[in-house]
Amino acid sequence: MDFLSDFFRRLSQRLDFIVLVSAIVLISFGLLAVYSASNGVGTITIFKRQMMWVGFGTLAIFIMYFLPYRLFQDWAYLVYGLSLVGLLVVLILGRKIAGSVSWVSIGIGNFQPSELTKFTTIAALAKFLSHRDTDITRPKDFIIAMVIVFLPVSLIMLQPDTGTALTYLTFIVPLIVLAGFDFYYIMILAVPAILTLVGFVNFWGAIVIAIAILLVLLSLRRNIVLSTLSPLLGLGASFAANYMANRVLKPHQLKRIQTFLDPLSDPQGAGYNALQAKVAIGSGGFFGKGFLEGTQTQLKFIPAQWTDFIFCVIGEELGFLGASVLLLTYMLLLMRVVRITQLIKNRFSIMVLAGIVSLFLGHIIVNVGMTIGLVPVIGIPLPFLSYGGSSLFANMIAIGLILNIYKNRRDLSFSA
C-alpha cells in the first residue's frame, strides 16, 4: 500500500488529474451524444469516425505531454507559418461542404485546418506578446499583434467560414490586456460596434444604451473627449444601421435578423433549428428522457444534430441534471487551467493558457447560447462534444499542451 500511495503521489506531481479527468468526462459525454444523435438512421459511421479521432487525439495528448517544453516556444512562429500555408492549401484544393471550402481530404477523412490554426495563432501571439522588447501600447507592436490574428481570420473568411473566423476574436482581448493594453481603450472601440448591432433592431433603444454607456465612461474620469466621442459615433453608426435595415437590406437578410429575435416568425424556415433546439432542451425536464429515448433526437427533428446542436441531445436525454454536470465539468476544467497559470511565471506559458481558456469559453458560451436562443446560429462546435475530427483533435492537442506545462511548472516558475 505504501508503494502504491507513493507511486500515485509522484504521479500527481507530474500529471494534473483534474485536467485529464475533466477532458475524459467531456469526451465521454460527446461520444454518448454523437452515438445517440446518429443512432438508427444509417449514420452510425459518424460515431465510428468520432471514435477513430478520439484514438488519434489520445496519441496526440501523449506526444504533446512528452515533447520538450521549449519546442512549443521555439517553434511557435514556424508552426504558425505552416498553419497559414495549410489555410492557403484549403483555398486551392479544399472540399466544399455546407457552402464553405474549409476541408481537405487526408485519406482517413476530411480535416479542417482552421481548427488547428486557432491554437497555433494563440502560440504565435503569445510568443510575440511575451517578448521583452514588445510593448503592446506602442502602435507598431499593437498592429503586429493584430496582423498575427487577422492573417488567418482573413484566409478563413475567404472560404467563407464566418463562424470559425469569429472564434479567433475570443482570445485577442484577453491576451493584449494581459500584455498591458488598457482595457479602457477596448471599451472605447467596442461601443460603436455594440450600438451598431442594437441599431439594426431599435434605434431608440440604441439611444438609451448610448446614454447609459456615456455616463459609465464619464464616471471613469479618463479621456473626456474619447468618452464622449465614442457613444456619439456609435449613435451615428446605429442610425445608419437602422436605415439599412429598413431601406437597404434585402428581404432575406432582414429575415435572418428577425428570425434571431423571434424564431416563431419563420418556424418552418430560418428559425426551424433554433426553435426545435429549444423544444428539445425544454422537453428534457430535470432528469431527462433517458439515453436513446429523446424524441426530438431520435426522430431527427434537428438536422445533423451531432454537430453544432449536440447540446440539445444532452438537454433532452439527460435533462437539466445532465446539462448541469456537463457545464460544471467545463467550469472545473477552465478554472483548473486558470489555477495552473498562477503556479508559473513564464509569460509565454501564461499567455498560451489564457488563450486556450478564452477560446474554450468563447466556444461554450456561443454554442450553448445559440441552442437556447441567446445568440444567433453561427455554426460553432461545442468543445470535445460536437462531431468533427478536426475540432476534437485540436482540442485534445491543447489538453496535451496544458498537461505538459503543468509537468514543467517548476521549471517555468521564473520570468522569461
Asks: Do L15 and F17 have side-chain heavy atoms sitting under 4.5 Å apart?
Replies: yes
Asks: Would you say that K407 contacts L403 through its side chain, given a criterion of any heavy-atom pair below 4.5 Å between the two side chains?
Replies: no
Asks: How about L392 and L385: do any of their side-chain heavy atoms sit closer than 4.5 Å?
Replies: no
Asks: Minimum heavy-atom separation for D16 and V19, please, with both atom names.
Replies: OD1-N, 3.1 Å
Asks: Is there a side-chain contact between I61 and I397 (heavy atoms, below 4.5 Å)?
Replies: no
Asks: Using the ring of each side chain (for Trp, its six-membered ring), is F142 parallel, tilted or perpendicular to F181, with breaks at 30° and 60°?
Replies: parallel
Asks: Would you give the length of the straight line joining atom OG1 of T121 to atom CZ of F150, rounded to the nearest 0.5 angstrom?
Replies: 11.5 Å
Asks: Which pair of non-hydrogen atoms, one from S22 and one from L333, has the smallest distance, and what is that distance?
Replies: CB-CB, 3.9 Å
Asks: So which atom in I122 and which in M351 form the shortest heavy-atom distance, rounded to 0.1 Å?
Replies: CG2-O, 4.4 Å
Asks: Go through the side-chain N and O atoms of Q112 and S391 and say whether any donor and acceptor fall under 3.5 Å apart.
Replies: no
Asks: How close do Q50 and L31 get, counting heavy atoms only, and between which atoms?
Replies: CG-CD2, 3.8 Å
Asks: Work out which heavy atom in P381 is nearest to a heavy atom in N367; give both atom names and the distance.
Replies: C-ND2, 3.6 Å
Asks: Do L84 and P152 touch side chain to side chain, with heavy atoms closer than 4.5 Å?
Replies: yes
Asks: List the atom of D135, the atom of D141, and the distance in Å for their closest heavy-atom pair.
Replies: N-OD2, 2.7 Å
Asks: Would you check if the side chain of H131 reaches a backbone N or O of K127 as a donor-acceptor pair within less than 3.5 Å?
Replies: no
Asks: Under a 4.5 Å cut-off applied to non-hydrogen side-chain atoms, are F72 and I405 in contact?
Replies: no
Asks: Apply side chain to side chain contact (heavy atoms under 4.5 Å, CB included) to the pair L178 and R347, showing each step before the final yes or no.
Replies: CA-CA 10 Å; L178 195 60; R347 283 176 58 81; over 6 Å; no
Asks: Describe, in one word, how the ring planes of F66 and F62 are oriented to each other, choosing from parallel (under 30°), tilted (30 to 60°) and perpendicular (over 60°).
Replies: parallel
Asks: Can you find a heavy atom in the side chain of H363 that is under 4.5 Å from one in the side chain of K118?
Replies: yes
Asks: Does M187 reach the side chain of L217, with side-chain heavy atoms less than 4.5 Å apart?
Replies: yes
Asks: Please check if the number of heavy atoms outside M146 that lie under 6.0 Å from its CE is greater than 12.
Replies: yes
Asks: When you look at Y80 and L125, which way does the side chain to side chain contact (heavy atoms under 4.5 Å, CB included) test go after all the steps?
Replies: CA-CA 9 Å; Y80 168 75; L125 183 60; over 6 Å; no
Asks: Go through the steps to decide whether I24 and F384 satisfy the test side chain to side chain contact (heavy atoms under 4.5 Å, CB included), and finish with yes or no.
Replies: CA-CA 9 Å; I24 292 173; F384 304 103; over 6 Å; no
Asks: Using ring centroids (six-membered ring only for Trp), state whether Y35 and Y387 fall under 6.0 Å.
Replies: no
Asks: Has F320 got more than 12 heavy atoms of other residues, nucleotides or ligands less than 6.0 Å from its CZ?
Replies: no
